Amino acid sequence: DYYLASSSVAGNSWTTMVLPSTTNGQIVFLAAWKSRVWLIMTPAGDGLTHLLVSSNGSTTFSTTSSTGLSGLSATAVATSFQTLWGTSYSGSMGDLARSTDGGKHFMALKEGVAGAAFLPGTRVFPVSNDEALAADSLGLGLFLTDNGGSSFTWVLGRAQILDVGFATDDDWLALGDPNPTAAVPAPTSMWRTTNGGNTWQPVKTP
């Protein structure tokens with residue numbers, strides 16, 4: 001059984017609630033934008049993804065049909081009430097998709113980015129409704145789209161990106177392994193961009 005815990009931004013206590021029974025036996029991921037909450041559910045063992053959506057901060061949920069995400073599991077990140085960037089994993093591949101209608105329809109993004117396939121472990125880090133970074137699992141670096149995923153540009157050289165953080169619209173940090181194929185793991189590295197991902201500079205890590 002799944003439970004959901006919520007807290008106000010300024011609060012220091014959490015309210016826990018039991019999720020609808022339709023989440024039982026599913027692989028479930030959470031996305032949220034202000035008062036809207038999406039539960040992205042994939043049947044354990046492979047299948048079509050479906051959604052539970054709440055527009056009142058998870059007080060009540062309604063079932064929403066969804067197309068475009070399927071496989072062993074799927075996740076999504078929301079950048080508005082209507083736009084979600086999704087990732088689904090199936091076998092040896094990962095697929096990136098984007099929805100502009102609240103999750104009802106996900107459209108696949110360009111297959112492969114600058115010669116790199118979307119493999120298991122690929123992650124998407126949205127900046128806005130149209131702009132996002134994608135990082136593959138092989139250590140090929142970061143790829144940037146500013147047109148909703150129609151095309152990607154390779155912006156950070158070979159590194160296995162673990163996470164990305166956004167301070168402002170143009171000031172971002174990336175954390176990763178600069179040489180994931182090395183016999184001896186290299187120290188984790190950081191990079192920073194101050195021009196919206198177009199160029200990156202190494203940052204001394206703590």
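The structure presented is a predicted model; accordingly, all values stated were derived computationally and were not measured.
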Across all chains, not counting sequence neighbours, the salt bridge (charged side-chain N to carboxylate O under 4.0 Å, His left out) partners of D171 are R192
Are T67 and F106 close enough, and set up right, to give a side-chain contact (heavy atoms from CB on, under 4.5 Å), and what steps lead you there?
CA-CA 6 Å; T67 61; F106 282 88; over 6 Å; no
Within the 3.5 Å criterion, strictly below it, is a donor on D101 or S99 matched to an acceptor on the partner's side chain?
yes
Please step through salt bridge (Lys or Arg N to Asp or Glu O under 4.0 Å) for the pair D130 and R98, ending with a clear verdict.
CA-CA 10 Å; D130 298 310; R98 176 173 168 265; 3.0 Å; yes
Taking the side chain as every heavy atom from C-beta outward, state whether P206 and M190 have any atom pair closer than 4.5 Å.
yes
Give the minimum heavy-atom separation between A76 and L84, together with the two atoms involved.
CB-CD2, 4.0 Å
Determine whether the side chains of S70 and T49 contain a donor N or O and an acceptor N or O closer than 3.5 Å.
no
Closest non-hydrogen atoms of A132 and P126, given as atom of the first, atom of the second and distance, are CB-CA, 3.7 Å
Heavy-atom nearest pair, L156 first then W200, reads CD1-CB, 3.7 Å
Starting from the C-alpha separation in whole Å, work towards a yes-or-no answer on side-chain contact (heavy atoms from CB on, under 4.5 Å) for L109 and F152.
CA-CA 10 Å; L109 304 187; F152 284 83; 3.9 Å; yes
Please examine the side chains of L173 and W191, heavy atoms only from C-beta on, and report whether any two atoms are closer than 4.5 Å.
no
Check against side-chain contact (heavy atoms from CB on, under 4.5 Å), L142 and I161
CA-CA 7 Å; L142 273 175; I161 303 302; 3.7 Å; yes
Tell me whether the rings of W33 and F81 are parallel (<30°), tilted (30 to 60°) or perpendicular (>60°).
perpendicular
Using every non-hydrogen atom in the two residues, find where N179 and D177 come nearest and quote the distance to one decimal.
N-OD1, 3.0 Å
Are T15 and S6 close enough that some pair of their side-chain heavy atoms sits under 4.5 Å apart?
yes
How close do I27 and F29 get, counting heavy atoms only, and between which atoms?
CG2-CE1, 3.7 Å
